[in-house]
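Chain identifiers are assigned alphabetically (A, B, ...) following the order of the sequence lines, protein sequences preceding nucleic acid strands; residue numbering begins at 1 within each chain. In what follows, every heavy atom counts, from backbone to side chain, and hydrogens, waters and symmetry copies are set aside.
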Protein chains: 2
Amino acid sequence: MVLNDISLPAGTQTLARGLEVIRAVAHGATDLRSVTEVTGLGRSTAHRLVQLLERYGYLRVAAGRDYSLGPTLIEFGFRALHQNPLPVVARPILEELAEKVQDTVHLAIVDAGEVLYLDKIPGNRGAEMRSRIGHRMPLTKTGIGKALILDRGDEWRALYEAEHRGSADGAEEFVGRMEDYRRHGAAMDLEENEPGIRCVSAPIRDAGGVIVAAVSVSATKPFMPAQRMRGLVPVVRAAARSISRSLGYGG
Amino acid sequence: MVLNDISLPAGTQTLARGLEVIRAVAHGATDLRSVTEVTGLGRSTAHRLVQLLERYGYLRVAAGRDYSLGPTLIEFGFRALHQNPLPVVARPILEELAEKVQDTVHLAIVDAGEVLYLDKIPGNRGAEMRSRIGHRMPLTKTGIGKALILDRGDEWRALYEAEHRGSADGAEEFVGRMEDYRRHGAAMDLEENEPGIRCVSAPIRDAGGVIVAAVSVSATKPFMPAQRMRGLVPVVRAAARSISRSLGYGG
DNA sequence: GGACGCTGTTCGACATTCCGGGACGCTCTC
DNA sequence: GAGAGCGTCCCGGAATGTCGAACAGCGTCC
């Protein structure tokens with residue numbers, strides 16, 4: 001997490017370093033020293049970048065020390081969310097689904113090999129889930145993540161092993177369950193990621209039939225017996241299909 | 001809107017240009033040409049920056065052309081929102097207020113001389129307002145903006161004139177109304193910004209008594225007769241005071 | 001149908017720009 | 001009151017980014 005130039009960003013190192021500073025602050029660095037430690041930059045350099053980022057509103061600097069992410073990121077973050085047609089067209093359908101099931105509904109995409117939540121409608125019963133818009137989660141440990149990789153059969157094993165280092169057994173069983181999910185057109189999560197939380201999820205496809213997002217319904221175990229999960233499959237699939245059609249999917 | 005170096009960005013011009021590219025895309029530039037036009041950069045330079053920004057997830061580039069803001073901004077945007085203690089402690093109080101008044105509730109701060117919305121709870125009646133989290137509005141044309149500048153008596157006239165170029169009369173009347181609002185500890189908006197929308201707003205103060213945010217209740221005119229607006233003043237002020245206390249305000 | 005004009009993209013030489021050591025003032029600790 | 005730690009500023013050397021030119025792929029206009 002110290003060097004970034006491992007990849008191949010040819011020609012622009014100052015911008016890269018600046019973005020690295022933002023990431024450091026996003027990940028909890030709150031003063032100049034921790035920023036230099038995380039980024040590997042010199043004091044002067046880091047300080048100069050911080051100053052510029054503050055001027056642009058990407059960072060907020062309270063009383064010299066105490067950095068935090070700034071208001072410009074709030075503005076552009078929401079703008080990014082709404083520049084994407086998906087959350088906009090999906091919203092009403094998600095609301096309808098939430099109304100019907102009375103549980104927490106999520107919308108998510110794949111980004112950088114992870115689940116990225118784009119929308120969330122909290123359920124009315126049980127404890128509220130800790131998920132938030134903008135949060136990231138592993139692909140193979142969440143129901144919605146599994147729905148997102150439903151079509152990538154040849155990557156299942158590799159993804160599972162990458163996210164389960166240490167205990168790399170269970171891969172066989174995972175692949176078997178994924179086969180099953182693919183046949184049903186919906187994935188499930190039985191408390192793998194978070195104990196006590198279960199969920200049912202279905203993929204959303206664009207005009208070309210490619211999976212671009214997924215919907216899920218989640219609830220605590222008492223509200224999610226096996227029988228109800230089976231009953232939710234067609235409901236969640238119907239919502240996903242409805243969103244897919246809005247994106248031009250014909251199938 | 002073409003040049004940025006008008007200010008005094010000491011020492012770091014590449015980062016500044018990169019952030020300028022992001023802003024260009026945020027403001028609607030969707031291809032390389034429009035980015036170069038807005039930023040004033042050369043084709044090569046702009047392209048290199050775009051590449052790096054895409055790699056970091058700040059921009060999304062579909063099929064070479066067609067730029068949009070990327071997923072990293074979504075992630076950091078929400079993180080920025082929740083790193084700030086204000087939206088977190090305010091949330092439950094805003095929900096309670098929304099429940100009580102059944103109209104749209106907003107939370108906002110001042111940023112870069114504008115109102116920046118940090119939270120919104122849509123009302124249950126009338127058309128939904130077009131405001132969104134992350135949106136910006138003028139300070140002197142919105143009720144919540146007026147609440148935010150309630151203590152800045154010496155800037156009222158300048159702010160008003162800055163935001164009302166052309167018809168710079170009415171400044172006297174504006175100042176007069178602000179005096180009135182200050183006495184009551186709450187500001188109002190009578191369809192000045194958006195026809196048909198009225199609102200009542202009150203300032204939130206930190207431990208030092210400085211106004212750091214404001215709450216507002218908005219609704220369409222039929223739901224907001226003058227009498228109800230007067231009745232809402234103590235309600236909105238109570239909510240604002242409750243949030244202020246959570247921030248350490250003693251007053 | 002051929003040439004143009006417009007995209008996004010790459011490369012390389014020059015000089016501009018940024019890096020980082022060092023020094024300053026400050027606050028808090030011992 | 002000495003020291004360490006913080007954020008902040010400056011200046012010379014050199015690594016860095018800039019910009020022009022050129023390439024390839026399309027769509028378009030004559």
(message) Can you tell whether the side chains of B/Arg91 and B/Glu95 come within less than 4.0 Å, N to carboxylate O?
(response)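 Here B/Arg91 pairs with B/Glu95 in a salt bridge, since their nearest N and O are under 4.0 Å apart.
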Name the pairs: protein N/O against N/O of nucleotides 9-12 of chain D, kept only if under 3.5 Å.
residue	atom	partner	partner atom	Å
D/dC9	OP2	A/Gln51	OE1	3.0
D/dC9	N4	A/Ser44	OG	3.2

Which of parallel (below 30°), tilted (30 to 60°) and perpendicular (above 60°) describes [X] and [Y]?
X: A/Phe78; Y: A/His82; answer: parallel
X: A/His164; Y: A/Phe174; answer: tilted
X: B/Tyr58; Y: B/Phe76; answer: perpendicular

Only distances under 3.5 Å count here; give the side-chain donor-acceptor pairs of residues 137-147 of chain A to other protein atoms, sequence neighbours excluded, each with its distance to 0.1 Å.
residue	atom	partner	partner atom	Å
A/Thr140	OG1	A/Glu163	OE1	2.5
A/Lys141	NZ	A/Glu163	O	3.3
A/Thr142	OG1	A/Pro138	O	3.0
A/Thr142	OG1	A/Gly145	N	3.2
A/Lys146	NZ	A/Met188	O	2.8
A/Lys146	NZ	A/Glu192	OE1	2.7
A/Lys146	NZ	A/Glu192	OE2	3.2

(message) So, OP1 or OP2 of D/dG17: does either fall under 4.0 Å of a side-chain N or O from B/Gln13?
(response)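 B/Gln13 to D/dG17 OP1/OP2: no side-chain N or O under 4.0 Å.
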(request) Look at the side-chain N and O atoms of B/Thr14 and state whether any lies under 4.0 Å from the OP1 or OP2 oxygen of D/dT18. (result)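 So the side chain of B/Thr14 is within the cut-off, an N or O lying under 4.0 Å from OP1 or OP2 of D/dT18.
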Atom pair distance, as rounded to whole Å: [atom1] in [X] and [atom2] in [N]:
X: B/Glu20; N: D/dT18; atom1: CD; atom2: P; result: 13 Å
X: A/Leu32; N: D/dT8; atom1: CG; atom2: P; result: 8 Å
X: B/Leu41; N: D/dC19; atom1: CG; atom2: P; result: 7 Å
X: B/Leu52; N: D/dT16; atom1: CG; atom2: P; result: 14 Å

(message) Under 4.0 Å from a heavy atom of chain A: give me the 5'-most and 3'-most nucleotides of DNA chain C that qualify.
(response)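 Reading along DNA chain C, I get C/dC18 to C/dG22.
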(message) Going by side chain to side chain contact (heavy atoms under 4.5 Å, CB included), name the residues that satisfy it together with A/Asp31, two or more places apart in sequence or in a different chain.
(response)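 Checked A/Asp31 against side chain to side chain contact (heavy atoms under 4.5 Å, CB included); matches are A/Arg33, A/Ser34.
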(message) Give me each pair satisfying salt bridge (charged side-chain N to carboxylate O under 4.0 Å, His left out) with a member in residues 66-88 of chain A, each pair once, sequence neighbours excluded.
(response)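 Found A/Glu75-A/Arg79, A/Glu75-B/Arg136.
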(message) Under a 3.5 Å cut-off for both contacts, is D/dC30 paired Watson-Crick or G-U wobble with anything, and if yes, with which nucleotide?
(response)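 C/dG1 - that is the nucleotide pairing with D/dC30, both distances being under 3.5 Å.
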(message) Taking any heavy-atom pair under 4.0 Å as a contact, classify A/Thr45: base, sugar-phosphate, or nothing.
(response)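 A/Thr45: base contact, heavy atoms under 4.0 Å.
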(request) Please report the shortest heavy-atom distance between B/Leu148 and B/Ile211, naming the atom on each side. (result)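 Smallest interatomic distance, heavy atoms only, reads O-CG2, 3.7 Å.
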Anything under 3.5 Å between a donor and an acceptor, one on a side chain of residues 241-251 of chain B, the other on a protein residue two or more places apart or in another chain? List them.
residue	atom	partner	partner atom	Å
B/Ser244	OG	B/Arg205	N	2.9
B/Ser244	OG	B/Ala240	O	2.9
B/Ser246	OG	B/Ser242	O	3.2

(message) Using heavy-atom distances to pick each residue's nearest nucleotide on DNA chain D, tell me which of A/Arg33 and A/Leu15 is more 5'.
(response)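 On the 5' side of the pair lies A/Arg33.
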